[in-house]
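Encoded as structure tokens, the structure appears first; notes follow it.
Any value given below was found using the heavy atoms of this structure, including those in side chains, with hydrogens, waters and symmetry copies removed. A note on names: the letters A, B, ... follow the listed sequences, proteins ahead of strands, and every chain is numbered from 1.
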Protein chains: 2
Amino acid sequence: MKVTPKSVRKEILTNIRKSLLELGSSTIVELSDRLGISFPTISKCFAQMEKAGELILVGLDDSNGGRRAKRYAYNPEYMLGLAIFLERTETHYIVYNCLGDVKNTGKTDGVLVEDDLTSLTKLMEKIVDQHPTIRSIAIGVPGSVDNGKIFYIPGYEQFHNLDLKGYFEQHFSIPVVVENDMNAAVLGFHKNSGLKNNTSLVYLYSGQNGPGAGFLINGDVVRGSTFFAGEVSFVPQYNDRNFRQALENDRDSMTATFSTDAQIDAICRLIATITAIINPHTIIFCSDEIEKTTLKKISIGSSKYIPSKHLPNLTISDWKQDYLYGLQSLGITLMLMEPN
Amino acid sequence: MKVTPKSVRKEILTNIRKSLLELGSSTIVELSDRLGISFPTISKCFAQMEKAGELILVGLDDSNGGRRAKRYAYNPEYMLGLAIFLERTETHYIVYNCLGDVKNTGKTDGVLVEDDLTSLTKLMEKIVDQHPTIRSIAIGVPGSVDNGKIFYIPGYEQFHNLDLKGYFEQHFSIPVVVENDMNAAVLGFHKNSGLKNNTSLVYLYSGQNGPGAGFLINGDVVRGSTFFAGEVSFVPQYNDRNFRQALENDRDSMTATFSTDAQIDAICRLIATITAIINPHTIIFCSDEIEKTTLKKISIGSSKYIPSKHLPNLTISDWKQDYLYGLQSLGITLMLMEPN
DNA sequence: AAAACTTATTAAAGAGGTTTAATAAGTGTT
DNA sequence: AACACTTATTAAACCTCTTTAATAAGTTTT
């Protein structure tokens with residue numbers, strides 16, 4: 001909505017950074033064509049960025065009939081990001097650069113069981129001190145988040161309505177983003193998949209509070225009017241059972257994965273339901289919760305309910321990895337928006 | 001993504017128009033504050049627009065200590081829009097101004113049963129001739145649309161893969177937008193409701209091809225990866241019935257409205273399902289398909305499946321009116337983006 | 001090896017925004 | 001009624017991006 005020279009300048013810089021990282025390296029004219037921005041502008045930005053050390057001259061292109069063009073690459077070490085995710089018993093963090101290379105990693109006890117943020121703040125202070133070029137912080141939490149504020153986090157009521165983003169931005173003077181774990185995971189998978197920006201994805205998982213899902217629709221995370229979106233355990237599926245009940249009723253206590261025919265039918269029905277409503281491109285299962293053979297059965301079973309040409313791709317992915325990648329990706333986006 | 005001086009200028013003009021229409025009237029400084037654009041820029045635009053007749057000086061504000069400010073209003077007659085929607089047996093159109101006032105209205109036979117666009121084109125030519133200030137055309141069709149192209153339109157296969165937008169933009173040199181009927185309706189309801197831009201809405205209807213739904217999620221229309229989104233008749237609901245079967249099995253052939261207990265339970269389950277997945281703000285029913293008393297029953301019945309604080313508002317609305325309003329709103333958005 | 005041609009970069013002029021100063025048009029006080 | 005004070009508008013200086021011209025640095029042809 002807002003358009004001012006300042007916002008334009010900021011967006012140009014962000015776009016330059018993004019493109020350079022995507023392309024790996026580029027010449028002035030290449031970027032100018034790609035972004036639709038005149039080459040003198042790119043040239044001026046490059047000069048500034050090179051002086052600041054944000055850009056590296058990697059060499060000259062081969063000539064194609066005239067003067068050889070200088071080729072520049074983004075210096076991935078110029079800024080670092082911190083991603084940290086909070087679980088009940090453990091707190092993991094990684095420090096990474098713009099390319100996603102991990103520079104440092106660690107874990108400690110869970111901080112969610114504590115009364116306040118003291119020990120989390122101390123941990124973060126230590127990390128930020130060790131890496132003074134950290135320029136963004138991404139925090140993942142197992143709860144509903146609205147614009148950096150923890151809205152609802154079952155089991156840790158002391159953090160309800162806590163403005164985590166505001167608190168740490170104040171404290172560190174570094175931009176902060178906070179996101180729900182599933183939303184981060186689905187975002188991470190999306191970024192990793194290389195799918196178009198406006199696709200829809202669903203991440204299914206079975207948390208300790210029953211099964212749930214993270215939705216990405218048209219490239220946006222869906223939160224819902226009361227932050228209830230994704231609570232698929234409530235979906236009525238049979239005459240007298242909802243999704244959760246259908247899974248539990250037939251729970252094989254020996255194994256954590258779903259495999260009985262009844263469980264598979266419940267999942268098929270859920271997939272049919274989701275398809276009939278939002279028709280996503282892909283549905284993702286957690287690798288530790290389902291077997292490849294089961295996936296095939298689900299794929300076949302779903303077509304009982306929906307013409308198979310409309311059914312989504314079914315994929316298995318590593319949840320924790322996607323989660324971290326999602327946080328990284330949020331943090332990188334934030335970094336690249338920083339003014340010079 | 002793209003930022004250039006041209007796009008900036010265009011967006012400034014669009015924002016000025018939008019704000020003037022929303023506010024009814026404004027002074028230069030008021031708009032400058034609202035849009036975050038310097039007042040000399042607004043001043044220059046105003047001068048140009050007034051000269052073109054797009055703006056009207058409505059008088060001077062009362063002084064509050066200094067020179068009295070000139071107050072301007074948008075001239076709603078400066079540009080007109082044409083909204084036209086195609087149904088099997090009838091084609092309706094309205095001509096309206098930026099405020100949504102209807103200037104002209106009419107209907108003829110259905111054009112979808114014909115082999116090509118000849119008669120539709122002729123109709124539109126007549127209308128455009130009568131109203132030479134028409135600056136946008138919005139067309140509603142009962143089929144899937146992707147960027148102005150008819151993707152899938154059951155029953156009228158001769159129009160499959162027809163680029164309606166491209167065809168008429170070429171023909172009339174006026175910007176054209178094409179949208180699916182349900183999507184237009186849900187959009188129209190949204191605009192009319194005054195709800196925030198990022199809310200989620202669902203429009204339920206029972207078409208001749210079985211029940212369906214239009215989804216607006218985070219303010220965006222949901223089409224789905226194979227344009228199958230909203231086909232809720234396929235949702236499995238009971239041991240051996242999906243939503244459509246549940247409705248039909250108990251169809252009271254005497255009346256078109258849903259009222260039996262079994263039908264109501266099916267609808268309750270659908271609402272529970274939709275809530276558990278996307279948790280929308282409101283679900284809208286068509287006024288000719290449901291009674292107010294039934295709605296109350298549905299509201300109560302749904303809370304069997306989902307905690308009632310998460311359930312959406314249930315509303316009844318006039319489908320055709322919302323449809324038209326949605327087309328109008330699309331057309332107005334298009335007009336306001338036109339360069340000077 | 002010099003002339004003709006290509007392409008990249010730098011320099012200068014132009015366009016459209018912002019900021020700041022100057023002017024116009026009021027109100028209120030003594 | 002003259003003066004101080006407010007607020008709206010106009011004018012001028014400035015900043016940033018674009019467009020276009022000039023220059024630098026190669027390649028190819030003769």
Side-chain angles (χ1 to χ4, degrees), chain A residues 1-20 23 25-52 55-73 339-340, chain B residues 1-17 19-20 23 25-52 55-73 337 339-340:
Chain A
M1 174 89 187
K2 215 177 174 185
V3 266
T4 67
K6 263 178 204 163
S7 72
V8 169
R9 171 143 197 80
K10 194 175 158 185
E11 192 153 335
I12 287 177
L13 184 60
T14 304
N15 285 339
I16 289 178
R17 285 168 169 159
K18 269 189 202 163
S19 293
L20 271 171
L23 294 170
S25 68
S26 177
T27 69
I28 289 175
V29 172
E30 253 177 55
L31 258 198
S32 167
D33 287 348
R34 182 185 163 101
L35 295 176
I37 292 168
S38 74
F39 63 83
T41 300
I42 308 275
S43 177
K44 279 171 205 161
C45 279
F46 269 28
Q48 218 174 300
M49 289 166 81
E50 198 185 2
K51 209 167 107 187
L55 225 57
I56 298 168
L57 178 65
V58 292
L60 297 175
D61 271 15
D62 287 345
S63 166
N64 32 351
R67 176 170 170 176
R68 297 168 70 187
K70 291 180 186 167
R71 177 160 292 275
Y72 296 89
N340 212 321
Chain B
M1 174 90 187
K2 215 178 173 185
V3 268
T4 69
K6 263 179 203 165
S7 72
V8 168
R9 168 144 198 81
K10 196 174 157 183
E11 191 153 336
I12 286 177
L13 184 61
T14 303
N15 285 338
I16 288 178
R17 285 167 169 161
S19 292
L20 271 170
L23 295 170
S25 68
S26 177
T27 68
I28 289 175
V29 173
E30 253 177 55
L31 258 199
S32 168
D33 287 348
R34 183 184 163 99
L35 296 176
I37 292 168
S38 74
F39 63 84
T41 300
I42 308 274
S43 177
K44 278 171 203 162
C45 279
F46 268 28
Q48 221 174 298
M49 290 165 83
E50 197 184 5
K51 209 166 109 187
L55 226 55
I56 298 169
L57 178 64
V58 292
L60 297 176
D61 270 16
D62 287 346
S63 164
N64 31 352
R67 177 169 170 176
R68 297 168 69 189
K70 291 181 187 167
R71 177 160 291 275
Y72 295 89
M337 289 187 342
N340 212 319

Could you give the [atom1]-to-[atom2] distance, from [X] to [N], as a whole number of Å?
X: A:L31; N: C:dA8; atom1: CG; atom2: P; result: 13 Å
X: B:K10; N: C:dG17; atom1: NZ; atom2: P; result: 15 Å
X: A:E11; N: D:dC17; atom1: CD; atom2: P; result: 13 Å
X: A:K6; N: D:dC14; atom1: NZ; atom2: C1'; result: 14 Å
X: B:R67; N: D:dT6; atom1: CZ; atom2: C1'; result: 13 Å
X: A:D62; N: D:dA25; atom1: CG; atom2: C1'; result: 15 Å
X: A:L60; N: D:dT27; atom1: CG; atom2: P; result: 11 Å
X: B:F46; N: D:dA8; atom1: CZ; atom2: C1'; result: 13 Å

Let me know, please, whether A:F39 or A:N64 comes out on the 5' side of the other along DNA chain D by nearest nucleotide.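 Its nearest nucleotide being more 5', the pick is A:F39.
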Given DNA chain D, 5'-ward residue of the pair A:I12 and A:G66, judged by closest heavy atom: A:I12
Say whether, by atom type as modelled, one donor and one acceptor occur between the side chain of A:S19 and the main chain of A:N15 under 3.5 angstrom.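 Yes.
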Counting distance only, does the side-chain N/O of A:S43 pair as donor-acceptor with the main-chain N or O of A:F39 below 3.5 Å? no
Any side-chain N or O of [X] less than 4.0 Å from the OP1 or OP2 oxygen of [N]?
X: A:S38; N: D:dT18; result: yes
X: B:R9; N: C:dG17; result: yes
X: A:S43; N: C:dT10; result: yes
X: A:T41; N: D:dT18; result: yes

Looking at the side chain of [X], which of [options] is the nearest nucleotide?
X: B:I28; options: D:dC17, C:dG17, D:dT9; result: D:dT9
X: B:P40; options: C:dT7, D:dT18, D:dA11; result: D:dA11
X: B:I37; options: C:dT18, D:dA8, C:dA8; result: C:dT18

Pair A:T27, A:R71: side-chain N/O donor-acceptor within cut-off below 3.5 Å: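 No, no side-chain donor-acceptor contact under 3.5 Å.
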Using heavy-atom distances to pick each residue's nearest nucleotide on DNA chain C, tell me which of B:V8 and B:R68 is more 5'.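 Of the two residues, B:V8 wins.
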Hey, which of these two, A:T4 or A:A69, hits DNA chain C nearer its 5' end, going by closest nucleotide?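 Closest to the 5' end, via its nearest nucleotide, is A:A69.
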Just one of A:T41, A:L35, A:I37 clears the side-chain contact (heavy atoms from CB on, under 4.5 Å) bar with A:I16, so which one? A:L35
So that I can tick it off, tell me whether A:D61 and A:R68 are bridged by a salt bridge, with the cut-off set at under 4.0 angstrom between side-chain N and carboxylate O. no
